[in-house]
Novice: 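Below is one structure. I have some questions about it.
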Amino acid sequence: MNDKNDNVTQSQKKDSRWNKDPKKGGPAEHDSFFNMNPKQFKYSLWFFIGALFFIMILNASIEQMNQTQETVSFSDFKEKIEAGEIIKVRLGEKFYYGQTISVQESTGTQKTVIYQTVPINDPAFISLMDAHNVDYSAAVQQNPMLMNFILSWVFPFAFIYIIWKLMAKKMGNLGAGVMNFGKNRSMIVAETDTHVKFEDVAGAEESKEELKEVVDFLDNPGKYTEIGGKIPKGVLLVGSPGTGKTLLARAVAGEANVPFFRMSGADFVEMFVGVGAARVRDLFKQAREKSPCIVFIDELDAIGKSRINVAGGNDEREQTLNQLLVEMDGFDSTTGVILLGATNRPEILDPALLRPGRFDRQVVMDRPDITGREAILKIHAKDVKLDNSVNLELVARATPGFVGADLANIINEAALLAVRAGRKEVLQEDFSEAIEKTVAGLQKKNRLINPKERKIVAHHETGHALTAAFTKGADPVQKITIVPRGISALGYTLQTPTEDRFLMSREELLGKIDVLLGGRAAEQIIFQEISTGAANDLTRATDIARSMITEYGMSEKFKNMVLTKRGSQFLGPAAQPQMSREYSEATQQYIDEEVAEILKDRYSNVLQLLKDKQDQLEKISEKLLTIETIEADEFYKMAGIT
Ligand code: ADP
Ligand code: MG
Ligand code: ZN
């Protein structure tokens, strides 16, 4: 009811809660004129030199036109009074000034001469002036030099400065101008209310949960700062395009009821060197003024690309990135500015961005599973008239791999199809047609996996899970899913360790290898064919087997002997080839053979295990294909373990 009032008092309260100590503001707390980059400075320097000359010439000519000042001796001064030349005298403390009548010059201008003299205590002086009808007055004690200086220098300067400011402002609005070079072109405007709430983002419960803390902090900073707790400065939202990263960032601002500054990484990268950096500076300056608030940098990878891997480098992007890093270090969370970033390629980001105190927290936006998709469909169908027969669950089931943006698009397509058919309500068949259209498009763009692949992934993951369930000492299965995660994983099986482990027995290491091989073994059994999907599993299995022999001394021949390679730890992976072995070529061959032996042995074990459990394997895979995610309880029930 009292929404408006509430808002006002709340925001006022908020303001007073933040301690806005300017000294804490960081390096970008500055006046725009005195803190410019070299380019800007050069322009205004020329401007000022021009102005200086202008004033000098003006001053000189005004003096020449109107009056000249001459210093004379006191006796000359008296003579000029007697001669009637001086008609007006000002009696100053240090000087007397005598003014002559204006004389018409040949140029047509009036000219007066002011005679200045150092007075001598002469009692007859006043009567002399009285006698010649001189208009005299005592000058108020002042320093004419100072007055002169103010009038002819400070005043014009101030005037010109004001004009200059006004001009700069105007040009800024027009989006051009040299004086304003590099300043933001009124494109970052804080949204005071994003009108997006957490309830508008569906199917991302875990991500929302993590961001609730940020909202809570913006609401009650005292709660955290009193204890001395540190809230993350930067949170990075990671996920495939269209999973709702931008939407979620806006929802955070909407929930916390704070201003929202959004800029896309691409906006920062400009043709002119220095512009992007200036924008970053400006963005943060504004944000500090409006704190508490959220600064959201969308598509962070556009500026945050690793500086190492880019051939040739890009000055502009690098400067922008550097400025961003500087700004991030320049505030702490007590200023109430929280930075959110979004990217779909976290692996190419510059490591400097991910360091503690920067984007040190990551929130993953997964593709939605079937329930998530249904929830998203419901949100977007709210404003669409649906026929009673429409079942959104069926739509969700038919759209595996679709992200939020795709689903919003489906609803829209279906509505358009209904309109085209001249109907007032959307039917189920409109959805079917819309899905068909979209699926084809997405598959062409390689953004969806096809049904055959989905089947392989389901069996592969079930293979991992079943092997884990029947291997003694393996970590229990927490959930299996075929919802693609991140960029490369098509599905995954989550195992949670029952306790923290620092030591592992030989048995347990072999068990780990078994679970890793379970995926490929399942493919082999069901499809009599193996795929590339196991590549990562195989790498890890091989690593474990190799370590068993070279590091843990678990081989027959080199019992309790370490066969490590020696090399500099500091040179990184690129230095690997230069590492030197401390054993013979023959030993290397033995290691390779032994690793192969272990893997072969374990693989046939796993094949046997899964052949015995083929029923469960097929049943669980089938279920996985329909509901996409199976939780622990259900999995163990279906596996026949209780
Ligand atoms: P991203 O920034 O991850 O590429 P967006 O946030 O721009 O994705 O999503 C685009 C649109 O897709 C959103 O405006 C919204 O309409 C829809 N959308 C995406 N994810 C969701 C979701 N989880 N819940 C509701 N709508 C979503
Ligand atoms: Mg986005
Ligand atoms: Zn696997």
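Start at 1 and go down the list; that is how both ligands and their atoms are numbered.
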Novice: Flag G242 as yes when one of its N or O atoms lies below 3.5 Å from any N or O atom of ligand 1, and as no otherwise.
Specialist: yes
Novice: If we only count N/O pairs under 3.5 Å, is D298 in contact with ligand 1?
Specialist: no
Novice: Any chance the side chains of D298 and T246 put a donor and an acceptor closer than 3.5 Å?
Specialist: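 Looking only at side-chain atoms, T246 and D298 do form a donor-acceptor pair, the distance falling under 3.5 Å.
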Novice: Look at atom 8 (O) of ligand 1 and say which protein heavy atom is nearest, naming residue and atom and giving the distance to 0.1 Å.
Specialist: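 Its nearest protein heavy-atom neighbour is G244 N, 3.2 Å.
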Novice: Quick one: does V201 get an N or O within less than 3.5 Å of an N or O on ligand 1?
Specialist: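 Such a contact does not occur with ligand 1.
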Novice: Whether the D514 and T467 side chains hold a donor-acceptor pair (N or O, under 3.5 Å, no angle test) is what I'd like checked.
Specialist: no
Novice: Does even one non-hydrogen atom of A202 get within less than 4.0 Å of ligand 1?
Specialist: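 Right, A202 reaches ligand 1.
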Novice: Hey, is E374 close enough to K378 for a salt bridge, meaning N to O under 4.0 Å?
Specialist: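 Yes, charged N to carboxylate O under 4.0 Å.
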Novice: Quick one: the NE2 of H464, the Zn ion (ligand 3), OD2 of D537 angle, rounded to 10°, please.
Specialist: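 Taking the Zn ion (ligand 3) as the apex, the two atoms subtend 90°.
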Novice: Please work out, at 4.0 Å between heavy atoms, whether the side chain, the backbone, both, or neither of T243 comes within that distance of ligand 1.
Specialist: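 Within the 4.0 Å criterion, T243 contacts ligand 1 through backbone and side-chain atoms alike.
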Novice: Taking only heavy atoms of P241, which atoms of ligand 1 are found under 4.0 Å from at least one of them?
Specialist: 4 (O)
Novice: Between R373 and E628, does any side-chain N to carboxylate O distance fall below 4.0 Å?
Specialist: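 The answer is yes: the pair qualifies as a salt bridge.
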Novice: On a heavy-atom basis, which atom in F198 and which in E255 lie closest, and how many Å separate them?
Specialist: N-OE2, 2.9 Å
Novice: Using the ring of F635 (Phe, Tyr or Trp, six-membered ring only), decide whether K479 places NZ or CZ under 6.0 Å from its centre and within 45 degrees of its axis.
Specialist: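 Pair K479/F635 does not count as cation-pi.
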Novice: Quick check: does I376 get an N/O under 3.5 Å from an N/O on ligand 1?
Specialist: no
Novice: More than 12 heavy atoms of other residues, nucleotides or ligands under 6.0 Å from CD of E425: yes or no?
Specialist: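 Yes, CD of E425 has more than 12 neighbouring heavy atoms, counting only those of other groups under 6.0 Å.
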Novice: So for H380, does at least one of its heavy atoms come nearer than 4.0 angstrom to any atom of ligand 1?
Specialist: yes
Novice: Which residue owns the protein heavy atom closest to atom 2 (O) of ligand 1, what's the atom, and how far is it?
Specialist: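 Answer for atom 2 (O) of ligand 1: T246 OG1, 2.6 Å.
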Novice: For atom 10 (C) of ligand 1, what is the closest protein heavy atom, and at what distance to 0.1 Å?
Specialist: A405 CB, 3.9 Å
Novice: Which ligand 1 atoms does D200 reach within 4.0 Å, using its non-hydrogen atoms?
Specialist: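 Counting atoms of ligand 1 from 1, those under 4.0 Å from D200 are 24 (N), 25 (C).
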Novice: Between the side chain of R367 and the main-chain N/O of V403, is any donor-acceptor distance below 3.5 Å?
Specialist: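 Such a contact is absent between R367 side chain and V403 backbone.
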Novice: Parallel, tilted or perpendicular: which describes the rings of F527 and H459, with under 30° parallel and over 60° perpendicular?
Specialist: perpendicular
Novice: Suppose we measure from atom 27 (C) of ligand 1 to each protein heavy atom; which comes out shortest, and what is that distance?
Specialist: L247 CD2, 3.5 Å
